[in-house]
Amino acid sequence: AYTYNTIISCCRRGSLYEEAKSIFEEMKLAGYVPDKVTYNALLDVYGKSRRPKEAMEVLMEMEANGFSPSIVTYNSLISAYARDGLLEEAIRLKDQMLERGIKPDVFTYTTLLSGYEKAGKDESAMRVFEEMRDAGCKPNICTFNALIKMYGNRGKFTEMMKIFDDIKECGCTADVVTWNTLLAVFGQNGMDSEVYGVFKEMRRSGFVAERDTFNTLISAYSRCGSFDQAMAMYKSMLDAGVAPD
RNA sequence: UCUAUGUCU
């Protein structure tokens, strides 16, 4: 079943839900019994293919076959609904998991937070963040990155940088997503000196930029109309031995 | 072997 599970989860990229479904059927025909991971993987493929209804059907089939949903099942399903903007349904699932004795974790809350952010519902997003703290669930770097994105999209740069400072206070470390998000936000707003500030801070922290980050830097400076800086980043990229794409 | 955050993707 490991083999089939791996192939099915491979279908997430590319939204290959029909392929995943046929591997799933083939697996059963070959006499293998789907396990928890098989169902979770298939459910996730449907979610990533933006087919929350079918993801829900996988949950039902899973239960009909005697497997109780795990926290992974719920988080994946919540992500499927949130991705489609179905936040009320996502919240209902979070409540349902609690009723069934599964405590929402940092994945659950970060998914909901980001879902509300994408829907433009900042108040609700902040409520999720508070609920998370009240529940004693510690935010991790992904949570902070989602908050940075939220404040960045709203032009609340002071708040955004406050979250950036919180990262260290909470014993987390800024990662590639953090740096790319900050650079992109300042780039989108034409704030070239802030882009430079983030760039300096990034180097100071010892972060080694890879292709994504160089691309983000070049894009950020381009949006600021800073052609020379963009070219300088392109040169740094080549000097660092990173291949452009 | 399965779940959350970013860069135009």
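Chain letters run A, B, ... following the sequence lines, proteins first and then strands; every chain starts at 1.
- Between B:U1 and A:K36, no contact under 4.0 Å exists linking OP1 or OP2 to a side-chain N or O.
- Closest contact between the side chain of A:T6 and the listed nucleotides B:U1, B:A4, B:C2 involves B:U1.
- Closest to the A:V72 side chain, of the nucleotides B:C2, B:A4, B:G6, is B:C2.
- Distance noted for atom P between B:U9 and B:U5: 13 Å (whole Å).
- Residue A:D105 is classed as having no contact, given no heavy-atom separation below 4.0 Å to the nucleic acid.
- A donor and an acceptor atom, one from each side chain of A:D175 and A:N145, are located under 3.5 Å apart.
- Closest heavy-atom contact between A:A90 and A:I78: O-CG1, 3.8 Å.
- Proximity note for A:N180 (side chain, C-beta onward) versus B:A4, B:G6, B:U1: the nearest is B:G6.
- Aromatic ring centroids of A:F157 and A:Y151 lie 6.0 Å or more apart.
- Per the geometry, CG belonging to A:D175 stands 8 Å off C1' belonging to B:G6, to the nearest Å.
- Minimum atom distance to the side chain of A:A184 is reached by B:U7, of the listed B:A4, B:U7, B:U1.
- Nearest heavy-atom pair across A:M160 and A:L182 is CE-CD2, 3.6 Å.
- The side chain of A:V37 approaches B:U1 more closely than any other nucleotide in the set B:U7, B:U5, B:U1.
- B:U1 atom P lies 21 Å from atom OH of A:Y39, rounded to whole Å.
- Nucleotide B:G6 holds its P atom 11 Å from the CG atom of A:L113, rounded to whole Å.
- Across B:U7, B:C2, B:U5, the shortest atom-to-atom separation from the side chain of A:K149 is found for B:U7.
- B:U7 atom C1' lies 11 Å from atom CG of A:D245, rounded to whole Å.
- Residue A:T181 is classed as a sugar-phosphate contact, given heavy-atom separations below 4.0 Å to backbone atoms only.
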Residues A:K21, A:E26; criterion salt bridge (charged side-chain N to carboxylate O under 4.0 Å, His left out); working and verdict: CA-CA 9 Å; A:K21 177 71 172 170; A:E26 185 175 326; over 6 Å; no
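- Nearest to the side-chain atoms of A:A41 among the listed nucleotides B:C2, B:G6, B:A4 stands B:C2.
- For the OP1/OP2 pair of B:A4 and a distance below 4.0 Å, the side-chain nitrogens and oxygens of A:K94 include no atom meeting the criterion.
- Within the nucleic acid shown, A:D212 comes within 4.0 Å of at least one base atom, counting heavy atoms only.
- B:U7 atom P lies 24 Å from atom OH of A:Y234, rounded to whole Å.
- One can place CG of A:N40 at 11 Å from C1' of B:U1, the figure rounded to the nearest angstrom.
- Across the protein-nucleic acid pair, A:F144 atom CZ and B:U5 atom P stand 17 Å apart, rounded to whole Å.
- Distances shorter than 4.0 Å separate some side-chain N or O of A:K48 from OP1 or OP2 on B:A4.
- For the C1' atom pair drawn from B:A4 and B:C8, the interatomic distance equals 22 Å after rounding to whole Å.
- Comparing B:U5, B:G6, B:C8 against the side chain of A:V176 picks out B:G6 as the nearest.
- In this structure, A:T111 reaches the sugar-phosphate backbone alone: every heavy-atom distance under 4.0 Å involves primed, P, OP1 or OP2 atoms, never a base.
- A:Y39 pairs in a ring-ring contact (aromatic ring centres under 6.0 Å, His included) with only one of the listed residues (A:Y4, A:Y46, A:F67), which is A:F67.
- Here B:U1 presents its C1' atom at 15 Å from CZ of A:F24, a figure rounded to the nearest Å.
- Taking 4.5 Å as the limit, some side-chain heavy atom of A:R100 sits within range of a side-chain heavy atom of A:Y74.
- The side chain of A:S9 lies closest to B:U1 when the candidates are B:U1, B:G6, B:A4.
- Among the atoms of the strands shown, none is found under 4.0 Å from any heavy atom of A:E210.
- At a threshold of 4.0 angstrom between heavy atoms, the contacts of A:R223 are confined to the sugar-phosphate backbone, with no base atom among them.
- With B:U5, B:U1, B:U7 as the choices, the nucleotide that has an atom nearest any side-chain atom of A:T110 turns out to be B:U5.
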